Amino acid sequence: MDSIKEYLDKNKDRFLDELVDILKIPSISADPAYKGDMLKAADAVKARLLEAGCDTAEVSPTPGHPVVYAEKIIDKNLPTVLVYGHYDVQPPDPLDLWDSPPFEPVIKETKIHPEGAIFARGSCDDKGQMYMHVKAMEYMTQNDELPCNVKFMIEGEEEVGSEHLDWWIKENKEKLQNDVILISDTGMISKDTPSITTGLRGLSYVEVEVTGANRDLHSGLYGGAVANPLNILSEMIAQLTDENNHISIPGFYDNVENLSDEERSKMAEAPFSLEEYKEKLDIRDVHGEKGYSTLERGSIRPTLDVNGMWGGYIGEGAKTVLPSKAYAKISMRLVPNQDWKEITELFKKHFESLAPDSVKVEVKPHHGGYPYVTPIDTIGYQAASAAYEETFGKTPIPQRSGGSIPIVSLFEKELDSKIILMGFGLDTDAIHSPNEHFGIWNYLKGIETIPWFYKHFTEMSKK
């Protein structure tokens with residue numbers, strides 16, 4: 001592995017150019033208008049995996065967007081690592097808040113990334129991090145450093161809940177057999193403080209619709225006499241939390257995992273500056289559930305957030321109207337022992353109960369996923385920790401993430417494998433937001449670190 005830095009220096013520009021090409025493809029899984037681009041992205045990933053040294057690669061169809069599957073089997077008696085990632089991206093809206101077009105990647109220096117960062121939708125989540133594994137594979141095959149078998153499963157529906165991956169995994173269970181699953185779709189504490197994600201929150205995502213009159217009404221003739229769905233929706237949403245920012249849905253906390261004081265104390269040892277946190281976000285103060293720290297609110301506690309709300313007239317100028325309908329999209333991040341399907345039903349029942357007789361309410365479940373916690377005493381975790389020690393010179397900190405990868409718990413259930421989450425993004429990378437970016441240093445550091453995981457995992461598996 002001593003030659004990997006030399007290989008990175010020699011091929012850095014090409015590695016960046018290849019990532020830029022993939023980032024140019026608007027593979028937005030949520031919008032049917034981009035179906036052709038989804039196929040184009042899948043084909044591009046397949047081609048790059050073959051170039052990187054995989055023996056076979058295919059674009060495997062599903063009832064939705066396809067999965068790219070590839071493998072390199074060098075000896076069936078050796079361990080097998082299954083790499084998961086996704087080539088789909090979030091919609092880039094609102095476009096007017098981007099400093100540069102979301103699918104025209106640019107490299108710019110920032111305070112955190114003086115060596116430059118790639119600004120584009122999907123740069124960190126997850127094309128940049130997924131592509132680290134492709135280039136790590138290239139290095140290992142080109143330099144005869146691949147110590148074990150590798151399989152790739154790169155899907156196109158992660159950003160819409162991996163709706164058809166469950167079906168695809170069950171259809172391909174035999175060829176997906178592995179000894180560990182490796183994912184880079186998370187982050188680390190900082191460039192100076194590596195960390196390994198040991199937990200993910202689950203997710204319940206719903207859309208709600210409130211209907212008043214059978215048409216939009218003149219606010220002068222009908223205001224005060226007929227329900228305004230936007231007003232009602234706002235009042236209903238306000239009742240979902242109390243004065244302590246505690247979620248008020250009956251039964252919501254019944255199965256929530258409560259960490260011990262000892263575990264919470266260990267979490268508090270992670271380096272964190274509240275003042276720097278507020279400065280980065282340009283906020284005067286933080287906000288959240290009473291009795292918990294900012295780090296805890298963002299990782300071990302469940303949440304309820306409105307992700308979008310609309311209705312009525314939002315164009316230029318004024319239009320005095322009572323809208324017939326109002327809408328909101330709401331996400332709930334869940335913690336261990338919470339079942340997203342049960343939570344969705346609890347939300348539906350409670351939200352409908354909040355509606356006055358003057359309106360009709362419909363709750364439409366979208367997608368969800370279960371929380372996941374990985375133990376730190378497995379060979380996979382120990383190999384990941386050793387890999388970070390090789391390239392960062394220090395032991396990574398185990399850390400629970402506030403994000404969700406809905407399909408992760410399914411992997412363990414269906415494939416009986418532990419999942420290792422080696423993320424190289426930062427919390428300042430603006431994933432899901434305008435001006436998403438991924439540091440060049442982080443991108444190359446990931447490519448440098450991943451081969452060490454393969455080496456240590458293979459060696460530890462032989463003991």
Side-chain angles (χ1 to χ4, degrees), residues 158-159 161-162 185-187 197-208 236-268 270 272 277 281 285-309 328-354 363-374 398-410 412-413 419 421 427 431-432:
E158 196 276 341
E159 298 293 6
S162 301
D185 194 10
T186 52
T197 300
T198 56
L200 296 166
R201 288 193 287 195
L203 175 68
S204 169
Y205 194 94
V206 301
E207 181 175 325
V208 298
M236 293 171 67
I237 288 173
Q239 295 178 68
L240 293 174
T241 54
D242 63 18
E243 68 277 6
N244 295 318
N245 295 307
H246 195 266
I247 298 165
S248 58
I249 300 171
F252 187 88
Y253 291 95
D254 285 357
N255 296 315
V256 166
E257 176 195 51
N258 290 303
L259 270 65
S260 66
D261 291 341
E262 181 182 0
E263 289 175 290
R264 293 176 68 181
S265 295
K266 287 182 179 179
M267 282 188 63
F272 176 75
Y277 182 85
L281 298 175
D285 203 359
V286 292
H287 186 86
E289 185 181 1
K290 186 176 180 180
Y292 294 91
S293 70
T294 297
L295 285 179
E296 291 172 333
R297 291 167 179 169
S299 59
I300 64 170
R301 297 300 293 169
T303 66
L304 186 152
D305 287 292
V306 178
N307 303 134
M309 187 173 176
K329 294 181 186 289
I330 297 172
S331 66
M332 290 162 281
R333 299 287 174 169
L334 312 176
V335 296
N337 302 330
Q338 286 186 296
D339 185 309
W340 73 270
K341 295 178 181 178
E342 291 179 5
I343 293 298
T344 301
E345 284 302 310
L346 289 174
F347 174 90
K348 183 177 186 296
K349 181 179 178 181
H350 181 61
F351 197 75
E352 290 172 347
S353 75
L354 297 175
V363 177
K364 305 173 184 176
H366 271 261
H367 61 271
Y370 293 97
Y372 181 78
V373 175
T374 186
Q399 185 183 49
R400 291 203 188 187
S401 169
S404 305
I405 306 177
I407 208 67
V408 164
S409 59
L410 174 74
E412 183 164 315
K413 176 185 175 184
I419 292 87
L421 300 160
D427 62 3
I431 62 173
H432 291 206

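Given the structure is predicted, the values throughout are model-derived calculations rather than measurements.
Taking the side chain as every heavy atom from C-beta outward, H350 and P250 approach each other to under 4.5 Å. Counting only heavy atoms from C-beta outward, the side chains of L200 and S404 never approach each other to under 4.5 Å. Using a 4.5 Å heavy-atom cutoff, the side chains of L259 and M267 are in contact. Looking at heavy atoms from C-beta onward, L240 lies in side-chain contact with F351 at the 4.5 angstrom threshold. Residues I330 and F347 form a side-chain contact, since some pair of their non-hydrogen atoms from C-beta on lies under 4.5 Å apart. Contact of the I237 side chain with the M309 side chain is registered, since non-hydrogen atoms from C-beta on lie closer than 4.5 Å.
K364 NZ to K329 NZ: the interatomic distance, rounded to the nearest 0.5 Å, is 8.5 Å. Distance check, rounded to the nearest 0.5 Å: CG of N337 to OH of Y370 gives 12.5 Å. Distance check: S204 OG to L304 CG gives 9.0 Å after rounding to the nearest 0.5 Å. The CD1 atom of I407 sits 9.0 Å away from atom CD of E158, with the distance rounded to the nearest 0.5 Å. Residue E207 holds its CD atom at 11.0 Å from CG of N307, rounded to the nearest 0.5 Å.
When each of L346, I343, I247 is checked for a side-chain contact (heavy atoms from CB on, under 4.5 Å) with M332, only I343 meets the rule.
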- request: Would you check, one step at a time, whether the test side chain to side chain contact (heavy atoms under 4.5 Å, CB included) holds for E159 with H432?
  value: CA-CA 10 Å; E159 298 293 6; H432 291 206; 3.5 Å; yes
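Taking the charged nitrogens against the carboxylate oxygens, K341 and E345 have no contact shorter than 4.0 Å, which rules out a salt bridge.
When every heavy atom of P371 is checked against every heavy atom of S409, the shortest pair comes out as O-CB, 4.0 Å. Between T197 and G187, the shortest heavy-atom contact is OG1-O, 3.7 Å.
The backbone N or O of V335 lies less than 3.5 Å from a partner atom in the side chain of Q338, making a donor-acceptor pair. No donor-acceptor distance shorter than 3.5 angstrom exists from the side chain of R333 to the backbone of T303, with no hydrogens or angles considered. Under a 3.5 Å cut-off, the side chain of T374 and the backbone N or O of I419 do form a donor-acceptor pair.
Sorted by first and then second residue, the pairs that involve residues 244-258 and meet side chain to side chain donor-acceptor pair (under 3.5 Å), not counting sequence neighbours, are N245-H287, E257-R400, N258-R301.
By the salt bridge (charged side-chain N to carboxylate O under 4.0 Å, His left out) test, E342 pairs with no residue at all, sequence neighbours left out.
The aromatic rings of H367 and Y205 lie parallel to each other, their planes meeting at an angle below 30°, with 60° marking the opposite boundary.
The local environment of OH in Y292 is crowded, with over 12 non-hydrogen atoms from other residues, nucleotides or ligands closer than 6.0 Å.
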